[in-house]
Structure formats: C-alpha cells, structure tokens
Number of protein chains: 2
Amino acid sequence: MLSKRDRARPFVRRSIHNQILHEVGERILRGVFMPGDILPSENALSDEFKVSRPVMREAIKVLAAKGLVDARPKIGTRVRLREQWNMLDPDILTWSFASREAEQYAIHISEMRRVLEPEAAAIAALRATPEQIDRIAESFAGMEACPEDTQEHIVHDLRFHQGILEATGNPFIASTGHVIESALLFSFKLSSQIEGACSDSLPRHRDVLTAIQASDAEGARRAMAVLIDEAWSGIEEFMRKRDAALPARH
Amino acid sequence: MLSKRDRARPFVRRSIHNQILHEVGERILRGVFMPGDILPSENALSDEFKVSRPVMREAIKVLAAKGLVDARPKIGTRVRLREQWNMLDPDILTWSFASREAEQYAIHISEMRRVLEPEAAAIAALRATPEQIDRIAESFAGMEACPEDTQEHIVHDLRFHQGILEATGNPFIASTGHVIESALLFSFKLSSQIEGACSDSLPRHRDVLTAIQASDAEGARRAMAVLIDEAWSGIEEFMRKRDAALPARH
DNA sequence: ATAAGACATATTGTATGACAAAAAATGACG
DNA sequence: CGTCATTTTTTGTCATACAATATGTCTTAT
C-alpha cells in the first residue's frame with residue numbers, strides 16, 4: 001500500500017505507527033481529507049490500515065499535537081482549518097511538498113528564508129563562537145569537495161545554513177532549520193528533473209562565510225540576501241522552463 | 001497532584017492524556033529530565049501517574065513528535081538534545097516559560113520577533129486584503145477599548161499581531177504567531193507582578209496600522225520595529241526593577 | 001402543537017492483559 | 001580470549017471491554 005512512497009523516502013520508518021502517521025498526515029496535506037472534514041472513525045481507520053486501534057490512536061494523537069486535527073467524543077476527529085496547522089513542524093513541512101500546491105509552499109518558504117536568514121547571518125557574525133565558525137567553514141569545505149546537484153552536496157549545504165542559524169545562539173531561530181531543510185530538498189528534487197544549469201552558489205556561500213569570520217554583520221546580511229535571491233531565481237527559472245516544456249498543466 | 005498548576009492555567013485540560021503530556025513536557029523543559037537522560041519506563045511512568053500504559057504511550061508519542069524524546073525498544077525513551085527540540089511548537093513554547101531560564105527564552109523570543117515582525121508588517125502592507133486590514137483595525141479598536149494590562153487587552157493585542165502575520169498570505173510566517181503569543185503572555189505575567197508603568201503602546205500600534213492601511217511597506221516595517229523595541233525595553237525595565245528589589249537571586 | 005426532558009447511540013477516552021520485536025547484556029562454547 | 005547463542009528488558013502491537021461524552025431522537029407534559 002505504501003510501497004511507492006517507501007521507495008521514494010530512503011530512511012526506514014521503523015514502526016507501523018509511524019507509517020500510518022505519515023500516510024494520514026500526507027492525506028490531509030494533499031487534501032484527501034479537507035479542513036472541516038471529519039475523519040473516518042478510529043475503528044474504520046484501524047480497519048483500513050489493518051492495525052489495532054491503540055496504534056491508530058497514537059498516530060491521531062500526534063496529528064492532533066501538530067494542530068492538524070481535533071478529536072472529540074461523539075463528534076469524531078475533525079481536520080482543523082489550515083490557519084491552525086503548525087506549518088513549522090518538520091513533518092508537516094515534508095508532507096507539504098507531497099501536495100499539489102508544493103510549488104506555492106516553496107514560494108512561501110523562500111520568502112520566509114528571505115526574511116530570516118540574512119538577519120540570522122548578521123547575528124551570527126556578531127556572536128558565533130570559534131567552534132561554530134569552524135563548523136560553518138567545514139560545511140563549506142564539504143560543499144566545495146562534492147559536485148553540485150549530488151546528495152552529499154545538499155547535506156553540506158544544509159549544514160552550512162543550519163550552522164549559521166545555530167551560531168545565532170538563539171534556539172528559536174535555530175529551530176527554523178527545518179524550514180530551510182525542506183526548501184533545499186525541494187530545490188534538489190526540482191533541479192534533478194532538469195539537466196545542467198547548476199547555479200554554482202559556491203562563491204556566494206564563500207562571501208557569507210568570510211563575512212561571518214570577519215564579524216561583519218552588515219556584510220553577512222547582504223551576502224546571505226544575495227545568496228538566497230540567486231537560489232530562488234534559479235528555482236524560478238527551472239519552473240519556467242518546465243512549464244514551457246509541459247504547456248498542458250492542469 | 002497537578003492542582004497548583006491547574007489553578008494557574010484556566011483552560012480545561014480535557015483528557016488525562018493531556019494532563020500527563022503537559023506534566024512530562026514541563027518536567028523536561030524544567031530540567032527534571034535532562035537531555036540525554038532515559039525516562040522511567042512506560043510501566044514506571046504509568047504507575048507514577050496512575051494511568052494505563054496506552055495513555056502514557058500516547059503522551060510519550062506526542063513528546064516524540066515535538067522532538068523532545070526518542071523511544072527505542074530495550075533502550076528506553078531518551079530525552080533528545082536541546083538542538084533537536086522543535087522550539088516553535090506551541091506547547092514547548094508554553095513549557096519554556098515554566099523553566100528557570102524563562103527570561104532567557106523571553107530574550108530570544110524578543111529577538112526573533114525583532115527579525116520577523118517588521119518584515120511581516122512590510123509584506124502585509126503590500127498584500128493585505130481589505131478584510132484582513134479590517135480585522136487588524138478591529139483588533140486595534142479592541143485594544144483602545146480595553147484598559148492596558150487586562151486579559152482582554154492582551155487578547156486584542158495578540159489578534160493585532162496575528163492579523164498582520166496572516167495578512168502576509170504566507171502560512172509559514174503566520175505559524176510564527178504562537179511565538180508572539182508566548183511573548184505577549186510572558187510580558188503580561190511579568191507586568192502584572194509590578195504596579196503601574198504601562199508603556200502605553202497604543203500610539204505605536206496605530207502607526208503600524210495606518211502604514212498598512214496606506215500600503216506603506218517601509219513605514220510599516222519601521223513602525224513595527226519601533227513598537228517591538230519599545231515593548232522590549234519596557235520588559236527589560238521591569239526585570240531591572242525586580243532584580244533591584246530582590247537582590248538575593250540565587 | 002410545541003417545548004422540555006429523558007434516553008438511545010455513536011464516537012472518543014481509558015483500562016487491562018497478553019504477546020511480538022528489538023537490542024543490550026550475559027553466558028556458553030570453540 | 002573471542003565469538004555466537006541465550007536471556008532479559010523495554011518498547012511495539014494487538015484484542016477486548018467498559019466509561020465518558022455529546023448528538024439526535026423520542027417521549028411526555030403543558
């Protein structure tokens with residue numbers, strides 16, 4: 001039942017509970033279960049997924065914890081309105097990109113990066129400890145070592161940005177790392193669909209790194225802004241190309 | 001067992017499962033269970049709280065969903081490192097302010113507001129629909145109607161800021177509303193401890209509103225920055241006063 | 001006929017007990 | 001002494017039963 005999706009996501013999903021959580025969560029994000037809808041009863045769901053009710057309940061409780069649903073006796077489990085969803089939850093971010101509006105989400109996430117990361121870089125430039133700077137520098141070295149558009153490159157890229165967020169010393173800003181992660185994964189998925197056109201973002205990353213090493217807040221802010229803008233226009237270009245190739249979309 | 005805390009939090013906690021979730025979550029944030037620690041086994045915990053194991057498990061699963069713990073067979077349920085916690089989760093935000101580092105968290109949250117909200121106001125100034133502007137204006141009217149430092153005033157204040165976040169049209173930015181909420185609740189709790197000194201933030205709010213109504217992005221950005229800075233310096237002043245009054249603080 | 005109240009009903013909430021699976025610790029054997 | 005099987009502990013899963021809750025219906029009295 002989940003075979004296709006399982007192949008797409010390499011990491012193991014140990015527990016049955018987890019598989020079901022992701023399946024139902026994705027259904028909600030994909031609009032199979034719409035906001036305001038009442039989910040099938042726990043019994044019906046546990047029948048459908050061939051699991052016991054406790055397992056089903058654990059999954060539903062987790063969905064409720066993320067703000068996706070609201071369970072009440074006699075009423076049932078209702079899908080909450082989108083405004084109530086905790087879009088910054090890592091799982092919800094993942095599921096978002098399985099929905100039909102994935103590109104809309106990408107646009108919004110990019111906008112959020114544009115708000116957060118330049119400022120984070122500026123703060124990091126002022127506060128980063130030597131160890132934190134080292135970690136950012138190592139990530140950059142890793143990016144240089146791996147060819148762009150490879151899985152490994154993405155990992156280092158992510159570490160680079162996450163390292164900056166953590167170097168702000170602000171745990172709340174650091175927690176937005178998941179947002180950046182999903183953005184990078186999306187751009188990777190997209191760019192792997194089209195040949196060539198690697199934007200070569202290394203010089204921009206270097207600018208950010210050197211500014212942070214020099215405790216140059218203003219420079220870090222600007223370099224990061226340029227980096228994100230370029231990355232985003234690269235993605236936009238991809239999408240335009242793809243739309244031109246496939247004129248009959250929807 | 002939970003009576004003191006129950007009195008402090010007016011809203012009902014329907015299910016036992018929920019009470020336990022909050023109790024254990026708060027213990028983790030308070031450092032009773034430290035990162036790296038293994039929680040007592042499910043059986044031990046369900047005994048302590050006098051609940052069945054399924055209920056205990058549901059609570060633990062929710063904690064795991066928020067990134068606080070990681071359960072594994074034979075190993076147990078380990079408290080994850082703080083960097084792994086999803087600090088933007090509404091519950092974790094709430095529990096944070098029950099910890100001894102509440103004021104540190106407040107500082108960090110304020111910094112995050114300083115990053116997010118001015119930009120959000122600028123975006124909202126460009127994109128807000130008439131209905132969204134109406135909602136912001138109504139919230140402002142509500143703030144004018146209620147005396148500062150009342151529960152009602154806080155509610156309208158929160159709606160004001162949340163309305164701006166939603167008016168960005170960006171669901172991820174809108175989801176940061178919980179961060180602002182916890183900041184407002186904290187400042188309310190703090191200011192209710194000390195008499196007088198209402199900072200009178202109404203004029204600043206009006207500045208933001210009029211800028212948004214005029215689609216003046218730059219004006220909205222600056223007005224919001226001023227608003228947050230003033231609010232924060234008010235809080236700082238409170239804390240200084242209190243520290244002066246209670247010199248023997250650990 | 002209408003309105004108020006009691007009751008049936010469906011759904012989530014909680015409890016109990018048992019077994020499966022996994023992984024670490026232990027002990028036996030080469 | 002090292003390697004492999006065994007034991008053991010903890011979470012993972014299942015099955016079933018009953019309690020609590022809120023909706024909707026149905027009865028009854030005015």
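Throughout, a chain's letter reflects where its sequence line sits, starting with A, and its residues are numbered from 1.
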Tell me the interatomic distance from B:Ile75, atom CD1, to D:dT8, atom C1', rounded to whole angstroms.
13 Å
For the side chain of B:Lys74, counting heavy atoms from C-beta on, which of D:dT10, D:dT11, D:dT13 is nearest?
D:dT10
Among D:dT13, D:dG12, C:dG13, find the nucleotide with the atom closest to the side chain of A:His17.
D:dT13
Start at the 5' end of DNA chain D and walk down; is the nucleotide closest to B:Pro54 or to B:Asn43 reached first?
B:Asn43
Would you please confirm or rule out a distance under 4.0 Å between OP1 or OP2 of C:dT12 and any side-chain N or O of A:Lys61?
no
Just the rounded figure in Å: distance from P of D:dT13 to CE of A:Met56.
13 Å
In this structure, how many angstroms lie between the C1' atom of D:dT11 and the CG atom of B:Leu45, rounded?
13 Å
Specify the separation, in whole Å, of atom CZ of A:Arg78 and atom P of D:dT23.
10 Å
Just how far, in rounded Å, is C1' of D:dT13 from CZ of A:Phe49?
16 Å
Between C1' of C:dA15 and CD1 of B:Ile16, the distance in whole Å
10 Å
Tell me whether the OP1 or OP2 atom of C:dG13 has a side-chain N or O from A:Arg57 closer than 4.0 Å.
yes
Assign A:Ile60 to base, sugar-phosphate, or nothing according to its heavy-atom contacts below 4.0 angstrom with the strands shown.
nothing
Please verify the inter-ring angle class for B:Tyr105 with A:Phe172; under 30° counts as parallel, over 60° as perpendicular, anything in between as tilted.
perpendicular
For atom NZ of A:Lys50 and atom C1' of D:dT13, their distance in whole Å
16 Å
Rounded to the nearest 0.5 angstrom, the CD-CD distance for A:Glu166 and B:Glu83 is 6.0 Å
Considering only heavy atoms and no angle criterion, is a donor-acceptor pair shorter than 3.5 Å present between the side chain of B:Arg53 and the base of D:dG12?
yes
Between P of D:dT13 and CD of A:Glu58, the distance in whole Å:
7 Å
Name the orientation class of the two ring planes belonging to A:Phe160 and A:Phe140 (parallel below 30°, tilted from 30 to 60°, perpendicular beyond 60°).
tilted
Given D:dT11, is OP1 or OP2 found less than 4.0 Å from the side-chain N or O atoms of B:Thr77?
yes
B:Asp157 CG to B:Leu184 CG distance, which is reported to the nearest 0.5 Å
5.0 Å
Which listed nucleotide (C:dT12, C:dT14, D:dT23) is nearest to the side chain of A:Pro73?
C:dT12
Kindly state whether the ring of A:His205 and the ring of A:His161 have centres lying under 6.0 angstrom apart.
yes
